[in-house]
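Okay, so here's the structure we're looking at.
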There are 2 protein chains.
Amino acid sequence: MDEINRSSLKTIAQELNLSISTVSRVVNGTGKISAATRKKVMKALEKHQYVPNQIARSLKTNETMTVGVIVPDIADYFATVIKGVDAVLASKEYSIILVDTNEQPEKEHHYMRLLYEKRIDGLLLATVDPEENKWITEYKKKNIPIVFFDNEPVTSEKCDAVMLDNIKASAMVVNHLAEMGHKNIAIICGERSESTAKERSDGFRIAMKNKRLPVDLALIKEGSFHLESGYQSMVELLNNRKEHPFTAVYATSYKMTCGAIKAMREFNLRYPDDIALVGFDFIDEYGLIEPSITSIIQPVRNIGCVLASRLLESMQNNKKHVEEDVYTVTQTIRLPPELKVGASSNKRI
Amino acid sequence: MDEINRSSLKTIAQELNLSISTVSRVVNGTGKISAATRKKVMKALEKHQYVPNQIARSLKTNETMTVGVIVPDIADYFATVIKGVDAVLASKEYSIILVDTNEQPEKEHHYMRLLYEKRIDGLLLATVDPEENKWITEYKKKNIPIVFFDNEPVTSEKCDAVMLDNIKASAMVVNHLAEMGHKNIAIICGERSESTAKERSDGFRIAMKNKRLPVDLALIKEGSFHLESGYQSMVELLNNRKEHPFTAVYATSYKMTCGAIKAMREFNLRYPDDIALVGFDFIDEYGLIEPSITSIIQPVRNIGCVLASRLLESMQNNKKHVEEDVYTVTQTIRLPPELKVGASSNKRI
DNA sequence: TTGAAAGCGTTACCAG
DNA sequence: CTGGTAACGCTTTCAA
């Protein structure tokens with residue numbers, strides 16, 4: 001039959017015959033307080049197990065110490081990005097409201113509004129909506145910092161963004177394969193409406209040209225970043241192999257890489273002997289897959305850390321009412337990928 | 001040079017020469033409002049792009065529409081649990097504050113306090129702290145519902161919990177292996193301070209006895225649920241194989257399973273031919289690993305859904321001020337595991 | 001159908 | 001050093 005116990009400054013103040021202000025001051029360690037009252041108050045605080053009400057505080061201070069994070073799928077590499085974000089943000093006493101949109105662009109607006117209702121101090125957004133503009137403008141108007149990641153935003157607003165250097169990623173892949181003696185390289189990419197897909201694809205063409213390798217359009221497959229699409233693309237490539245021969249294939253997402261592997265197995269083809277394979281985001285932490293797969297690896301945790309740091313900065317500037325034109329300087333940060341060379345491509349032809 | 005735009009009920013009310021109450025009523029659709037004023041207000045709301053301030057609302061209503069979720073590691077199978085939680089909770093307009101403790105029990109208290117400061121309406125807690133008691137009691141006193149998952153809580157408070165039926169999981173493994181003709185079965189388990197580890201281990205012994213199979217203590221390895229530990233345990237088992245022979249091994253976590261595989265490879269042993277292997281949480285979604293590994297699979301998404309539903313119920317009861325003894329009825333829900341039989345054990349000896 | 005006012009728990013300013 | 005008071009934005013009761 002315990003009493004429900006939710007003490008407030010008032011409770012404590014009344015019990016001690018002190019003013020709320022005084023109690024507030026010792027809680028926050030602000031202002032000058034006599035040692036005697038401080039001790040008295042501390043004891044009462046302890047006795048009542050006082051815990052400040054951040055809601056009330058937020059109402060007053062216009063700061064919730066909370067940031068929103070919107071991702072298309074937590075059970076993806078985003079989980080590790082979030083770990084990085086969380087590490088940085090938690091150290092500054094911020095917490096994260098996490099939203100998973102299940103890759104449904106239409107949900108983004110709804111959640112952005114919900115988060116705004118909760119008065120988040122900042123937003124990290126991995127959008128999959130090619131028309132994310134509307135709510136972005138709203139946020140800008142409300143003066144809430146946003147940092148984009150994964151896909152580059154299409155909005156015309158100036159925005160911060162942290163992304164992988166996808167152009168470079170494709171260059172690394174092409175250069176590596178070229179070094180191994182490959183000339184005819186196929187690529188399996190996602191939808192060009194997503195900047196990640198577009199950049200990986202464009203980067204591929206650029207790198208091929210730089211290496212003076214032939215770009216055969218029939219070897220450039222566009223799909224949707226999913227297993228089924230990767231599988232389908234690979235099947236088509238293999239079926240057309242006589243007319244459009246290739247010796248290496250570059251799959252530009254984790255799921256597509258899996259799909260490509262699946263197709264190759266069905267065709268009874270082995271890597272690297274029959275076809276060299278380079279994947280994307282293919283992390284086999286414990287080396288269970290043999291032969292091991294060469295893959296572009298994103299610095300996922302670091303992406304999270306950089307994201308969080310950038311957001312912290314913006315939120316800080318916001319507080320300090322930094323002059324607008326100083327504040328408005330935005331950055332697009334591109335982090336370098338790593339090419340982890342495994343057996344699947346590590347053979348000179 | 002846009003104005004920063006944060007309209008409130010007051011802004012609207014003043015512009016329209018109406019009272020705040022009236023505007024509030026049309027925002028919430030409560031009370032009786034004349035069609036005329038409603039229309040007028042709606043228009044102003046739209047014009048100002050009014051978005052209610054949930055912080056202020058929360059202060060008044062004592063509801064934040066937010067629940068805390070504490071997990072040891074998001075980049076684990078918890079990601080999928082959270083997806084389930086999120087799906088259910090989001091449909092009721094709740095959002096999730098996510099905390100990753102990095103498996104450090106000492107952080108749990110700190111975060112529980114932080115979340116309480118934010119006045120979450122409920123908490124989902126996957127604790128790894130064998131002494132999580134203190135703050136639990138606090139939450140109970142504050143009348144905030146908690147639902148545990150993964151590990152069973154040790155607190156003496158009555159609590160809700162949703163867990164895998166670990167005893168049954170081990171029974172399924174033993175029965176399967178027994179059917180395949182195995183008699184000497186080794187098990188690699190985690191620390192008994194975590195209930196998951198304890199139950200999997202106990203379940204194993206019980207099932208062995210039920211099947212009248214010999215329980216050789218030297219074949220029961222205790223470690224820490226991590227790769228290194230799984231590896232180490234397997235190495236020891238293999239080194240003692242002459243004195244303590246076994247034909248099958250059961251690894252009780254994902255990482256341990258990977259460790260065991262690693263050790264077997266180093267010893268040049270193949271499954272199922274040399275030793276049969278059954279793992280835990282070993283999901284190879286795209287069937288990339290060959291031969292495929294038999295494993296206990298948790299209904300991860302469903303765990304999340306059940307968790308969220310249970311919490312919603314408690315929060316609901318809380319609101320309705322249900323009489324204490326009705327409210328206090330708590331449940332421990334055990335969800336059934338699945339044994340996904342792969343090649344690694346699917347051979348009669 | 002509408003308005004006035006109290007109050008949720010804080011912070012911060014101004015007096016003393 | 002301490003107290004009083006206004007204000008943050010909202011909901012809700014009571015009156016009109």
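Residue numbering restarts at 1 for every chain, and letters A, B, ... go by the order of the sequence lines.
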Before accepting this row, confirm whether a basic side-chain N of the pair A/R310/A/E313 lies closer than 4.0 Å to the acidic partner's carboxylate O. yes
Are any of the side-chain nitrogens in B/E63 or B/R57 under 4.0 Å away from the carboxylate oxygens of its partner? no
Nearest to side-chain heavy atoms of [X], which nucleotide of [options]:
{"X": "A/A56", "options": "C/dG9, D/dT2, D/dC10", "answer": "C/dG9"}
{"X": "A/R57", "options": "C/dT11, C/dG3, C/dT1", "answer": "C/dT11"}
{"X": "B/K10", "options": "D/dC8, C/dG9, C/dG3", "answer": "D/dC8"}

Pair B/L123, B/L115 - check side-chain contact (heavy atoms from CB on, under 4.5 Å), show working. CA-CA 9 Å; B/L123 177 65; B/L115 291 176; 3.9 Å; yes
Between [X] ([atom1]) and [N] ([atom2]), how many Å, whole number?
{"X": "A/Q14", "N": "D/dG3", "atom1": "CD", "atom2": "P", "answer": "13 Å"}
{"X": "B/K118", "N": "C/dT10", "atom1": "NZ", "atom2": "P", "answer": "15 Å"}
{"X": "B/I20", "N": "D/dT11", "atom1": "CD1", "atom2": "P", "answer": "11 Å"}
{"X": "B/L9", "N": "D/dA7", "atom1": "CG", "atom2": "C1'", "answer": "15 Å"}
{"X": "A/R25", "N": "D/dC1", "atom1": "CZ", "atom2": "P", "answer": "12 Å"}
{"X": "A/K39", "N": "D/dT2", "atom1": "NZ", "atom2": "C1'", "answer": "20 Å"}
{"X": "B/L59", "N": "D/dT11", "atom1": "CG", "atom2": "P", "answer": "11 Å"}
{"X": "A/N62", "N": "D/dG9", "atom1": "CG", "atom2": "P", "answer": "7 Å"}

Under 4.0 angstrom between [X] side-chain N/O and [N] OP1 or OP2:
{"X": "B/S34", "N": "C/dT2", "value": "yes"}
{"X": "A/N28", "N": "C/dT11", "value": "yes"}
{"X": "A/T30", "N": "C/dA12", "value": "no"}
{"X": "B/S58", "N": "D/dC10", "value": "no"}
{"X": "A/S24", "N": "C/dT11", "value": "yes"}

Which atom of A/V69 lies closest to which atom of A/I82, heavy atoms considered: CG1-CG1, 4.4 Å
Taking the nucleotide of DNA chain D with the closest heavy atom to each, which residue, B/N53 or A/S21, is nearer the 5' end? A/S21
For the pair B/N151 (side chain) and B/V128 (backbone), establish whether a donor and an acceptor sit closer than 3.5 Å, ignoring hydrogens and angles. no
Under-3.5 Å donor-acceptor pair between A/K60 side chain and D/dA7 base: yes
